[in-house]
Amino acid sequence: MEARIAEDEAVARAATPSPWTLYNRGVGWEIPELPEPHDGLTFVRDDAHYVAHNQPDRVLAECSANRKIAAAHIDGSDLGRTPVDKGNKAAVIDWLDQLTVKQGANQTKDEPLSRKTKQNIHALFSAAFVTAMDAETMTRNPAKGVAEADLNEAGEAVYLSTEDLVMLAERIDPHYSLLIRFLGGTGLRRSEATALRRRDITIRDGRAAVRVSRAWKSKGKGEEIGPPKTKKANRTVTCNATLSAALADRLQEIELDDFVFQRPDGDYVRNSRFHKEVWQPLMGELVGKELDRKPWIHEIRHAHTTHLLDANVPVHVVQARLGHEDPQTTLRVYARLAKASDAAAADALG
C-alpha cells in the first residue's frame, strides 16, 4: 500500500514548478522530466498525463489523504495484516462489509460508512493489489468487482417481493409503469434501461431480446451516454412473454432511434429529475403503509437477482443476465437480500 502511494508522490514531485505557472496562465508548456506513464495506476490516473492536468500539490494532498485512509481502515484490519499474495475475494468482501466510521465532524463513530466512502476506500485497497500484480507477486486482483454490489446508502438491504414489484408498477405515475415492470423483469440498471433505443430491442416469436451496450453516466452537472459499467455488462437479456407483449406495443409508438423510456415531454429520463419528481413522491405515499422501509430504485435489480436465485436459476445464468463480472458479486447481493427477506418474514409474525 505504502509503495503505491509513494510511487504516486514521486510522479507529482517530478513536475518542475514553472510549467504549472504557465499552465495557469493558459500558455502552452511541456513537462520533460516526468517518467513515462504505466498501466493500472488508480490514484494518479495515467500518471504523467493526469499530473499534467492537476496541480502537483493537489496530487500530493491526495496521497496524504490516502495514507490516512490506510491507517484508519486498512492497516489494522485482519485483511490489512494479511500478506498481499494471500488475500482472497471472500476476505475482501468481509472487510468491506465491516467498515465503520472512525472519526468525523458530522458522523457517529462506529456507524456504517456510506456506499461512496466504501467505494473510495475499496479503490485504494484494490490499487495495492494492482501494484502487487505489476511486481508479479500475484496474478489476480481479489478486490476487483467486489464494490459492484452497491446496496443503498444506509447499508441496509430492502427486500421487495414479486407482489411489491407489481404494486410499485401499479402505484407509480402510469407513464413510468412499463419502466418499473421492465426493471423488475430484466434486472437492468436504471442507467442501462433509460439509455435503450428502439433499435436495441428485437422481438421474435413473441420474445423480446434486449441488447445492452450503453448506459447513462454522470458528467459534471449533467449526464451523457457511454459504455455500460463493466465489459460483461455488454449483454443480451431476454424478456418473458407478458413483458415482451407490452414492449411490442411500446415499440409501435416510437421511431428506430427514439428512447424506449422517455419523460412525458419526450426528453430522456434524467436520473435526478426522476427521483425528485416521481420516485420520492411515490415513496412518500407508500412507506409506512404498503412498504415498511424506503427502497432505492436499484433495489428492483436486487429483487430480480433474489427472485431468480430463489427459483433455483443457476448462479452463472443470473450473473450473465445481470452483467456482473464475478459470481461473488451476484451471491453477495443475494446474501444481503436473503437476510432482509428473513427479517421481513419474522416481522410478519408479530
Side-chain angles (χ1 to χ4, degrees), residues 160-217 222-229 233-283 285-286 290 295-305 307-308 313 317-318 320-323:
L160 295 172
S161 66
T162 53
E163 292 80 10
D164 289 333
L165 296 182
V166 171
M167 181 269 294
L168 288 172
E170 291 176 345
R171 294 291 300 276
I172 201 166
D173 179 336
H175 182 81
Y176 297 100
S177 179
L178 180 58
L179 173 59
I180 299 302
R181 291 175 58 192
F182 182 83
L183 295 175
T186 63
L188 264 68
R189 301 174 177 90
R190 179 212 58 83
S191 59
E192 295 170 339
T194 54
L196 291 172
R197 299 183 186 272
R198 185 186 186 280
R199 64 172 181 263
D200 296 318
I201 300 178
T202 303
I203 299 180
R204 292 192 180 93
D205 299 325
R207 290 276 186 174
V210 181
R211 182 166 51 86
V212 182
S213 60
R214 295 180 302 279
W216 288 103
K217 309 279 185 179
E223 296 175 300
E224 66 176 5
I225 288 182
K229 191 172 183 179
N234 286 279
R235 64 201 188 280
T236 298
V237 178
T238 303
C239 304
N240 65 30
T242 303
L243 181 57
S244 295
L247 285 172
D249 291 340
R250 172 57 180 159
L251 298 186
Q252 293 296 319
E253 303 171 351
I254 57 177
E255 300 298 325
L256 192 64
D257 288 326
D258 288 346
F259 288 118
V260 176
F261 303 106
Q262 306 171 9
R263 287 173 46 82
D265 61 7
D267 195 6
Y268 74 93
V269 182
R270 191 185 303 268
N271 183 34
S272 59
R273 293 181 65 179
F274 177 81
H275 276 275
K276 181 179 179 180
E277 300 171 4
V278 182
W279 190 256
Q280 298 298 347
L282 176 65
M283 293 302 101
E285 295 175 9
L286 298 181
E290 285 90 342
W296 297 94
I297 194 167
H298 198 75
E299 301 283 2
I300 298 177
R301 174 174 163 86
H302 297 157
H304 183 81
T305 307
H307 299 160
L308 290 179
V313 176
V317 175
V318 180
R321 188 172 177 86
L322 296 173

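Start at 1 with the first residue, then count along the sequence. It should be emphasised that the depicted structure is a prediction, and the values quoted were computed from it without experimental measurement.
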In Å and rounded to the nearest 0.5 Å, what is the CD1 to CG distance from Ile203 to Leu251?
5.0 Å
Enumerate the side-chain hydrogen bond (donor to acceptor under 3.5 Å, both in side chains) contacts for residues 243-257, please, sequence neighbours excluded, ordered by first and then second residue.
Arg199-Asp257, Arg250-Glu253
Distance (rounded to the nearest 0.5 Å) between Glu192 CD and Leu322 CG
9.5 Å
Intermediate values then yes/no, side chain to side chain contact (heavy atoms under 4.5 Å, CB included), Leu160 and Leu168:
CA-CA 10 Å; Leu160 295 172; Leu168 288 172; 4.2 Å; yes
Would you say the ring centers of Phe274 and Trp216 fall short of 6.0 Å from each other?
no
Got a sec, which residues hit side-chain contact (heavy atoms from CB on, under 4.5 Å) with Val317, two or more places apart in sequence or on another chain?
Val313, Pro314
Are the side chain of Arg270 and the backbone N or O of Glu223 linked by a donor-acceptor pair below 3.5 Å?
no
Main-chain N/O of Pro227 paired with Lys217 side-chain donor or acceptor, under 3.5 Å:
yes
Among residues at least two apart in sequence or on other chains, which ones pass salt bridge (Lys or Arg N to Asp or Glu O under 4.0 Å) with Arg198?
none
Salt bridge (Lys or Arg N to Asp or Glu O under 4.0 Å) against Arg207, all qualifying residues, sequence neighbours excluded:
none
Would Leu243 and Thr186 count as a side chain to side chain contact (heavy atoms under 4.5 Å, CB included) if you check the C-alpha gap in whole Å, the side-chain angles of each, and the deciding distance to 0.1 Å?
CA-CA 9 Å; Leu243 181 57; Thr186 63; 4.1 Å; yes
State, with a plain yes or no, whether a side-chain heavy atom of Arg197 is found less than 4.5 Å away from one of Ile225.
yes
Side-chain donor-acceptor pairs of residues 172-181 under 3.5 Å, sequence neighbours excluded:
{"residue": "Asp173", "atom": "OD1", "partner": "His175", "partner atom": "N", "Å": "3.0"}
{"residue": "His175", "atom": "NE2", "partner": "Gln262", "partner atom": "O", "Å": "2.6"}
{"residue": "Ser177", "atom": "OG", "partner": "Ala169", "partner atom": "O", "Å": "2.9"}

Trace of the side chain to side chain contact (heavy atoms under 4.5 Å, CB included) decision for Val318 with Thr305
CA-CA 7 Å; Val318 180; Thr305 307; 4.1 Å; yes
Search all heavy atoms of Leu247 against all heavy atoms of Ala208 and return the closest pair with its distance.
CD1-CB, 4.0 Å
What is the distance from atom CD1 of Ile297 to atom CE of Met283, rounded to the nearest 0.5 Å?
8.5 Å
First locate atom SG of Cys239, then atom CD1 of Ile201, and finally report the distance between them rounded to the nearest 0.5 Å.
7.0 Å
Within-4.5 Å side-chain heavy-atom neighbours: Asp200 and Val260
no
Partner residues of Gln280 under the side chain to side chain donor-acceptor pair (under 3.5 Å) criterion, sequence neighbours left out
Lys294
List in chain and number order the residues that pass side chain to side chain donor-acceptor pair (under 3.5 Å) with Asn271, two or more places apart in sequence or in another chain; answer none if no residue qualifies.
Arg190, His275
What's the verdict on side chain to side chain contact (heavy atoms under 4.5 Å, CB included) for Tyr268 and Thr194, showing C-alpha distance, side-chain angles and the deciding distance?
CA-CA 7 Å; Tyr268 74 93; Thr194 54; over 6 Å; no
Applying side-chain contact (heavy atoms from CB on, under 4.5 Å), name anything that partners Arg321, two or more places apart in sequence or on another chain.
Val237, His304, Leu308
Holding to side chain to side chain donor-acceptor pair (under 3.5 Å), I want the full list of residues that pass it with Glu170, two or more places apart in sequence or in another chain.
none
Partner set under side-chain contact (heavy atoms from CB on, under 4.5 Å) for Ser161, not counting sequence neighbours
Tyr159, Glu163, Asp164
What residues, two or more places apart in sequence or in another chain, satisfy side-chain contact (heavy atoms from CB on, under 4.5 Å) together with Thr162?
His307
Hits for salt bridge (Lys or Arg N to Asp or Glu O under 4.0 Å) against Asp265, two or more places apart or cross-chain, chain-then-number order -> Arg263
Under 3.5 Å donor-acceptor, Arg301 side chain and Gly187 backbone:
yes
For the CZ atom of Phe259 and the CG atom of Leu196, what is their distance to the nearest 0.5 Å?
9.5 Å
For Ala195 versus Ala215, what's the shortest heavy-atom pair and its separation?
CB-CA, 3.9 Å
Could you grab the distance from atom CE of Met167 to atom CG of Leu165, nearest 0.5 Å is fine?
9.0 Å
